[in-house]
Protein chains: 2
Amino acid sequence: MEKYFEILRACALFEHIEQQDIFGMLACLGAKAKEYSKKQVVFARGQPARYVGVVLSGSVRIEQLDYSGQRGIVSTCQPADIFAESFACAGGATLPVSAVCARDSSVLLIDSARIMAPCDSSCHFHRQLIYNLMKIIAAKNIRFHRKLDIISRRTTKEKLLAYLSYMAAENNSRSFYIPFSRQELADYLEVDRSGLSVRISRLKKEGMLECDKNFFCLLGETAEGT
Amino acid sequence: MEKYFEILRACALFEHIEQQDIFGMLACLGAKAKEYSKKQVVFARGQPARYVGVVLSGSVRIEQLDYSGQRGIVSTCQPADIFAESFACAGGATLPVSAVCARDSSVLLIDSARIMAPCDSSCHFHRQLIYNLMKIIAAKNIRFHRKLDIISRRTTKEKLLAYLSYMAAENNSRSFYIPFSRQELADYLEVDRSGLSVRISRLKKEGMLECDKNFFCLLGETAEGT
DNA sequence: TCATTTTTGTTGAATTTTCAACATACAATA
DNA sequence: TATTGTATGTTGAAAATTCAACAAAAATGA
């Protein structure tokens, strides 16, 4: 377990918790590290959502069943990533997804009820842990909200402009670098890559946009202030 | 303030907190009820996100600025609804949206730092409050995730089937009633209403679907178990 | 019951996207 | 430097969406 020290330190769940306190706290929470081999199931769809998972090594995929019964990958979690936290914290319900190891992996399991339960020793780490968990879930919420706002536009052009104006707001500037390749941007916007290219080209011609690789600059009547 | 008793009782934030404890706790948290007139701003875009809001009366709109400077309504909050909680709990950042009263309203403001801070009297309501807040945010997260999964499909047919299979899973049955009119369903799926009608008709003809008004039944090779 | 309003389904035209195939530019590496 | 492979832009055809206008059906209310 101690060999995963660096991983735990990098995990947002343990931010601002002193290194020497982490293991004591995990013991207090009854957290357990478990080893899984490739394709083994960590959480199965339908079982009650109790545990928060932290990937210690390997990689874990969150999978979902399609309406046609097709398996779909919701996300892939790498070491230091936390998963199933929303389900565990939303209370009660059963898992609508499964967590399956993409290869041999080691996972830390923490009972969400223990996280929320009163702690006898009233360790202040515990409070920080709750705060961290809240922050993680709230931040994810904001990301989802933003993506939803972007994806819900009807056309590629609108999606792109919505995304770019978010980036502009984030950078306090109309010029910025995006963290995506064209293919990745298309994936994020949930549109066809070549169609996206066409759209970017046209926006350039129309003078609404300048860009070179990952650098973008919004031009024209694009409002900013107010 | 006491006149809003019923509203507070209906608010998810105060679930499982004894009625007689609510006001004491609010005092302990330094929560304040404020009156606003129509169009007055509760939270302004750009200011630090500190407070969680609870609508006591009237109605509050969460507004956002478009890339073209257009105002867009993200959501409308009715009495007992809570708003700005994700921003307040995600830590640090400034608000990317504004909260504006759609009419004369009364709003309860609670400092999120006080919610998370250690409570001297260590009231157990406080713990329940944190738990409730976590649950609210996590549940919203799941709703967002689901909607994202649906909306990110490329075609209306796929969006519809994704939505319907979520409903089927939720009801443990291929037959169920949906809580939307056609127009509302189209809005939820972010597609054109008439186009949606066309799609539903075709799916009926193809024998994949039966439906009558709000009643739907998935047919055919739609997998369910496993 | 009748009249009115709202909701839903249908149609065709215009727009847009997707998809496949290909050309070019760029990057990595032998 | 030449070669190879990846990323990006371009094109045209097929498919899907949006949009506007209208018709039919259902709900509402006088």
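First the proteins, then the strands, lettered A, B, ... as listed; each starts at 1.
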Inset, instruction - Describe the nucleic acid contact of A/Val191 in one word from base, sugar-phosphate, nothing, applying a heavy-atom distance below 4.0 Å. - result: sugar-phosphate
Inset, instruction - Choose from C/dT17, D/dG9, C/dT10 the nucleotide whose nearest atom is closest to any side-chain atom of A/Thr156. - result: C/dT17
Legend entry - Cationic N near anionic O, under 4.0 Å, B/Glu63 to B/Arg45: no
Inset, instruction - Write down the distance between CD (A/Glu184) and P (D/dT6), rounded to a whole number of angstrom. - result: 15 Å
Legend entry - Between C/dG9 (P) and B/Leu209 (CG): distance, integer Å: 11 Å
Inset, instruction - May I have the distance from A/Leu196 (atom CG) to C/dT16 (atom C1'), rounded to whole angstrom? - result: 14 Å
Inset, instruction - Examine the base of C/dG9 for any acceptor or donor lying under 3.5 Å from a partner atom in the side chain of B/Arg193, and report the outcome as yes or no. - result: yes
Inset, instruction - Starting at atom CZ of B/Arg202, determine the distance to atom P of C/dT11, rounded to an integer number of angstrom. - result: 11 Å
Inset, instruction - Would you please confirm or rule out a distance under 4.0 Å between OP1 or OP2 of C/dT17 and any side-chain N or O of A/Arg199? - result: yes
Inset, instruction - Take the protein atom CG of B/Leu189 and the nucleotide atom C1' of D/dA16, then report the distance between them rounded to whole Å. - result: 15 Å
Legend entry - Atom pair CG/CZ of A/Leu160 and A/Arg153 - distance to nearest 0.5 Å: 11.5 Å
Inset, instruction - Identify, between B/Val198 and B/Ser181, the residue whose nearest nucleotide on DNA chain C lies closer to the 5' end. - result: B/Ser181
Legend entry - For atom CD of A/Gln183 and atom C1' of D/dG9, their distance in whole Å: 13 Å
Inset, instruction - Could you pull out the closest heavy-atom pair between A/Glu15 and A/Lys135, with the gap in Å? - result: OE1-NZ, 4.2 Å
Legend entry - Side chain of A/Arg182 (C-beta onward), nearest among D/dT8, C/dT8, C/dA20: D/dT8
Inset, instruction - Measure from the side chain of A/Lys213, starting at C-beta and using heavy atoms only, and say which of C/dC26, C/dT16, D/dT10 lies closest. - result: C/dC26
Inset, instruction - Enter the distance from B/Ser165:OG to B/Glu170:CD here, rounded to the nearest 0.5 Å. - result: 11.0 Å
Inset, instruction - Please report, rounded to the nearest Å, how far the C1' atom of C/dC19 is from the CD atom of B/Glu158. - result: 14 Å
Inset, instruction - For B/Ser197, answer base if it contacts any base atom (sugar-phosphate contacts may also be present), sugar-phosphate if it contacts only those atoms, and nothing otherwise; contact means non-hydrogen atoms under 4.0 Å. - result: base
Legend entry - Candidate nucleotides D/dA16, C/dT17, C/dC19, ranked by approach to the side chain of A/Asp192 - the nearest: C/dC19
Legend entry - Gap between atoms CZ and C1', on A/Arg153 and C/dT17 respectively (whole Å): 18 Å
Inset, instruction - Please determine, for the side chain of A/Ser194, which listed nucleotide (C/dC19, D/dT18, D/dG9) has the closest atom? - result: C/dC19
Inset, instruction - Determine, step by step, whether A/Asn171 and A/Tyr177 satisfy the side-chain hydrogen bond (donor to acceptor under 3.5 Å, both in side chains) criterion, reporting the C-alpha distance in whole Å, the side-chain angles of both residues, the deciding distance to 0.1 Å, and the verdict. - result: CA-CA 9 Å; A/Asn171 289 278; A/Tyr177 290 85; over 6 Å; no
